[in-house]
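To start, the structure under review is shown below, and the notes come after it.
All values below were derived from every heavy atom in this structure, side-chain atoms included, with hydrogens, water molecules and symmetry-related copies excluded.
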Amino acid sequence: MNPSPLRLPLLEFLETQHKRIFAVRTGSPADYIPELATVNPEQFGIALTMVDSTTHAVGDCAVEFTIQSISKAFVYCFAIEKLGADRVFEKIGVEPLGEAFNSIRLKEDNRPFNPMVNSGAISCTGLICDYATEDPLTAILDFLSKFAGRQLRVNKAVYDSEKSTGDRNRAIAWLLKNNKQFDSDVDQILDVYFQQCSILVTAQDLAVMAATLAKNGVNPITNKRVVSPETAVKGLSIMVSSGMYDYSGEWTYRIGLPAKSGVGGGIVAVLPSEFGLGVFSPPLDELGNSVRGIQVCQELSSYFKLHLLQGEDRSEHCIRNVYDLSRIRSTHTRKPVDSDTLDQYGSRCSVIELGGNITLMQSDAITRAITEIVDQEFIIISLQKVNKVGTGAVKILREFLQNFEDTATKILFSGIQDGSSNQRDVFESFKKFAGRGNLHFPNLDQAIEWVEGQLILIYGRYQSQNIGLDGLIDQPILTNISPSELEVIKENIVCLDFFPGTTIISLGQETDGIFFLLAGKVEITLGDGKYLATVSGGMCFGELALISPNQTRQANVKASSNCHCAWLSASALNNVFNQKSHLRSKILHNLSVILVERLNRSNARVALNT
């Protein structure tokens with residue numbers, strides 16, 4: 001028996017609400033426009049489009065109906081985008097009216113109260129007609145089509161019906177003309193306005209259009225920017241205060257989402273940064289809003305606690321860890337004298353690991369944390385687990401980090417890469433708040449490795465590097481071996497030199513020997529190129545040959561500088577052990593000490609979740 005398919009909870013919620021709310025029989029389709037009165041009142045569709053482009057659709061989501069007053073919100077965005085917010089504000093106010101949407105009344109300064117009532121919408125269309133003088137309707141149609149992600153069209157029958165019954169709108173338009181709201185011909189503006197309201201959309205179109213506003217003006221389906229973030233915010237602001245006509249106050253009180261309704265039966269609602277909702281159901285209440293549409297929005301907002309003023313607890317601390325380099329090291333394997341230096345001076349560098357969303361409040365916490373360790377020589381700030389940096393946080397961090405430009409403390413950043421698709425926004429924010437002198441590294445390990453090198457350079461004990469075979473005596477894996485044992489090893493050694501970029505060991509290659517790195521530096525990576533570790537002169541690599549001879553190599557080793565190596569092949573190694581039987585146990589003991597030290601370092605990282 002095949003298991004039943006898993007149900008998506010959000011889609012299941014919408015299906016449940018659709019079934020329950022469909023039973024509501026109050027309200028009736030708009031009849032003051034004859035063509036709208038003929039619409040089937042049983043039609044009911046709900047569509048929700050996430051900003052990641054996923055759409056959940058239930059019911060009659062593909063049925064076309066006329067957009068009507070919902071067009072006002074998007075044409076208003078068009079006017080702002082093309083003419084500028086200041087120019088539009090000179091002509092159209094932003095205050096709620098408190099009267100019917102078709103009221104013939106202007107503000108004391110002879111401006112319409114807002115762009116969501118007919119006077120403001122006609123004025124807005126007039127501004128578009130003044131802007132796009134050759135073909136304003138096509139300009140509006142193309143613009144709304146970009147919002148919907150497909151080419152929209154006008155329903156001529158509804159347009160004709162609106163035009164034949166639009167005397168009240170004609171009166172409003174002449175009042176606006178008399179107050180010099182626009183320059184274009186009144187009849188032309190009304191003709192465009194009637195057609196603008198007669199554009200055909202579906203509930204799914206409305207969801208995509210709303211999601212475009214939710215995504216700060218970027219259509220989540222086409223991934224193309226339609227309006228600027230500033231325009232999107234202004235459009236949503238008007239939808240909050242005036243989008244539901246004389247019901248706007250109660251709508252905000254009960255539901256709390258930016259929204260716009262139309263007498264065609266549609267409603268759009270927006271949850272910024274998350275989704276756009278489109279609902280279609282023709283029966284309207286006495287205020288001209290879809291009865292079922294309002295109930296869908298009420299249930300969605302109430303059940304998921306989506307009211308914009310009901311903010312979730314954002315007090316999660318973005319500072320995940322703070323520690324110094326006396327506790328944590330990079331994966332760079334260094335000779336004992338350098339490790340001793342880092343044991344002594346590693347505490348002069350602190351690491352602050354950040355994660356989650358950095359808000360204004362969180363940025364203040366970061367500045368306070370840095371202030372507490374301001375006497376450090378180096379401070380590494382890891383952004384690897386950061387999802388987003390808010391605009392306010394960028395400003396706080398930029399101003400704070402400028403204080404370090406003339407100080408002895410060196411600030412470094414890690415965990416961000418230019419071109420990384422999943423951190424593109426974080427990298428753009430980083431460029432705004434980091435100074436030109438701030439180094440940044442792709443990952444935390446590389447940043448720590450760089451600081452270790454600086455600490456060794458400043459505080460390390462100078463030790464002339466013996467790049468000959470006599471340097472073998474300093475190899476940790478050869479600790480406590482006798483002079484005679486060392487001589488046997490030297491007799492079986494082959495000296496090899498490698499140029500930078502040369503692959504010394506390849507993944508899958510047979511473990512045919514061990515390399516003693518006398519001088520230079522090598523980098524160890526996995527098959528996919530992921531960085532694992534660095535080994536410097538005075539250390540060895542390829543130790544697997546001591547434990548599992550004739551097995552295959554588990555990583556790639558490449559010279560990152562000119563390298564001088566002493567190679568002891570597997571057969572030579574056996575020869576050495578045959579001559580000096582106690583040498584095997586000594587070397588394996590030393591190897592176990594090295595591996596335990598590496599394990600302790602790894603455990604320290606795990607304990608700090610780095």
### Task
Answer yes or no for Arg111 and Phe89: cation-pi contact, defined as NZ/CZ to six-membered ring centre under 6.0 Å and angle to ring axis within 45°.
yes
Donor-acceptor contact below 3.5 Å, side chain [X] vs main chain [Y]:
{"X": "Glu15", "Y": "Val58", "value": "no"}
{"X": "Asp60", "Y": "Val63", "value": "no"}
{"X": "Asp364", "Y": "Met361", "value": "no"}
{"X": "Asn40", "Y": "Glu42", "value": "yes"}
{"X": "Ser164", "Y": "Ser161", "value": "yes"}
{"X": "Ser414", "Y": "Phe441", "value": "no"}
{"X": "Lys177", "Y": "Ser184", "value": "yes"}
{"X": "Thr212", "Y": "Val208", "value": "yes"}
{"X": "Asp130", "Y": "Asp183", "value": "yes"}
{"X": "Asn443", "Y": "Gly415", "value": "no"}

Could you verify whether a donor N or O on one side chain and an acceptor N or O on the other, from [X] and [Y], lie under 3.5 Å apart?
{"X": "Asp142", "Y": "Ser145", "result": "no"}
{"X": "Ser198", "Y": "Thr66", "result": "no"}
{"X": "Gln295", "Y": "Arg292", "result": "no"}
{"X": "Gln196", "Y": "Thr125", "result": "yes"}

### Query
Which of parallel (below 30°), tilted (30 to 60°) and perpendicular (above 60°) describes Phe22 and Phe44?
parallel
### Message
Can you tell me how the ring of Tyr131 sits relative to the ring of Phe78, calling it parallel under 30°, perpendicular over 60° and tilted otherwise?
### Response
perpendicular
Separation of [Y] [atom2] from [X] [atom1] (nearest 0.5 Å):
{"X": "Asn169", "Y": "Asn118", "atom1": "CG", "atom2": "CG", "answer": "4.5 Å"}
{"X": "Gln310", "Y": "Lys305", "atom1": "CD", "atom2": "NZ", "answer": "5.5 Å"}
{"X": "Thr367", "Y": "Ile396", "atom1": "OG1", "atom2": "CD1", "answer": "7.0 Å"}
{"X": "Ser261", "Y": "Ile70", "atom1": "OG", "atom2": "CD1", "answer": "7.0 Å"}
{"X": "Tyr159", "Y": "Leu137", "atom1": "OH", "atom2": "CG", "answer": "9.0 Å"}
{"X": "Leu444", "Y": "Ile381", "atom1": "CG", "atom2": "CD1", "answer": "12.0 Å"}

Does a salt bridge link [X] with [Y], judged by any charged N lying under 4.0 Å from a carboxylate O?
{"X": "Lys163", "Y": "Asp160", "value": "no"}
{"X": "Arg150", "Y": "Glu64", "value": "yes"}
{"X": "Lys107", "Y": "Asp109", "value": "no"}

May I ask you to test the [X]-[Y] pair for a side-chain heavy-atom distance under 4.5 Å?
{"X": "Asn289", "Y": "Trp251", "result": "no"}
{"X": "Tyr32", "Y": "Thr165", "result": "no"}
{"X": "Pro272", "Y": "Leu308", "result": "yes"}
{"X": "Leu306", "Y": "Phe275", "result": "yes"}
{"X": "Val296", "Y": "Ile267", "result": "no"}
{"X": "Glu250", "Y": "Ile294", "result": "no"}
{"X": "Leu200", "Y": "Leu152", "result": "no"}
{"X": "Pro115", "Y": "Ile238", "result": "yes"}

### Task
I would like to know whether Val75 and Ile128 meet side-chain contact (heavy atoms from CB on, under 4.5 Å); could you show each step before the answer?
CA-CA 8 Å; Val75 175; Ile128 298 299; 4.2 Å; yes
Considering all heavy atoms of both residues, which atom of [X] and which atom of [Y] are nearest to each other, and what is their separation?
{"X": "Cys297", "Y": "Ala269", "answer": "SG-CB, 4.3 Å"}
{"X": "Gln298", "Y": "Arg254", "answer": "NE2-CD, 4.0 Å"}
{"X": "Ile122", "Y": "Phe182", "answer": "O-CE2, 4.4 Å"}
{"X": "Val39", "Y": "Pro282", "answer": "CG1-CG, 3.5 Å"}
{"X": "Val291", "Y": "Asp285", "answer": "CG2-N, 3.6 Å"}
{"X": "Pro96", "Y": "Ser242", "answer": "CA-OG, 3.7 Å"}

### Message
Go through it in stages, so that I can follow the logic: the residues are Leu14 and His18, the test is side-chain contact (heavy atoms from CB on, under 4.5 Å), and I'd like the CA-CA distance, side-chain angles, deciding distance and then a yes or no.
### Response
CA-CA 6 Å; Leu14 296 177; His18 182 275; over 6 Å; no
Can you confirm whether [X] is buried at [atom1], in the sense that more than 12 heavy atoms of other residues, nucleotides or ligands lie under 6.0 Å from that atom?
{"X": "Lys19", "atom1": "NZ", "value": "no"}
{"X": "Arg87", "atom1": "CZ", "value": "no"}
{"X": "Asp52", "atom1": "CG", "value": "yes"}

### Query
Should Val201 and Phe65 be marked as a side-chain contact (heavy atoms from CB on, under 4.5 Å) after you check the CA-CA gap, both sets of side-chain angles, and the distance that decides it?
CA-CA 6 Å; Val201 292; Phe65 58 96; 4.0 Å; yes
### Task
Evaluate the side-chain contact (heavy atoms from CB on, under 4.5 Å) criterion for residues Ser241 and Val94: first the C-alpha distance (whole Å), next the side-chain angles of each, then the deciding distance (0.1 Å), finally the verdict.
CA-CA 8 Å; Ser241 65; Val94 292; over 6 Å; no
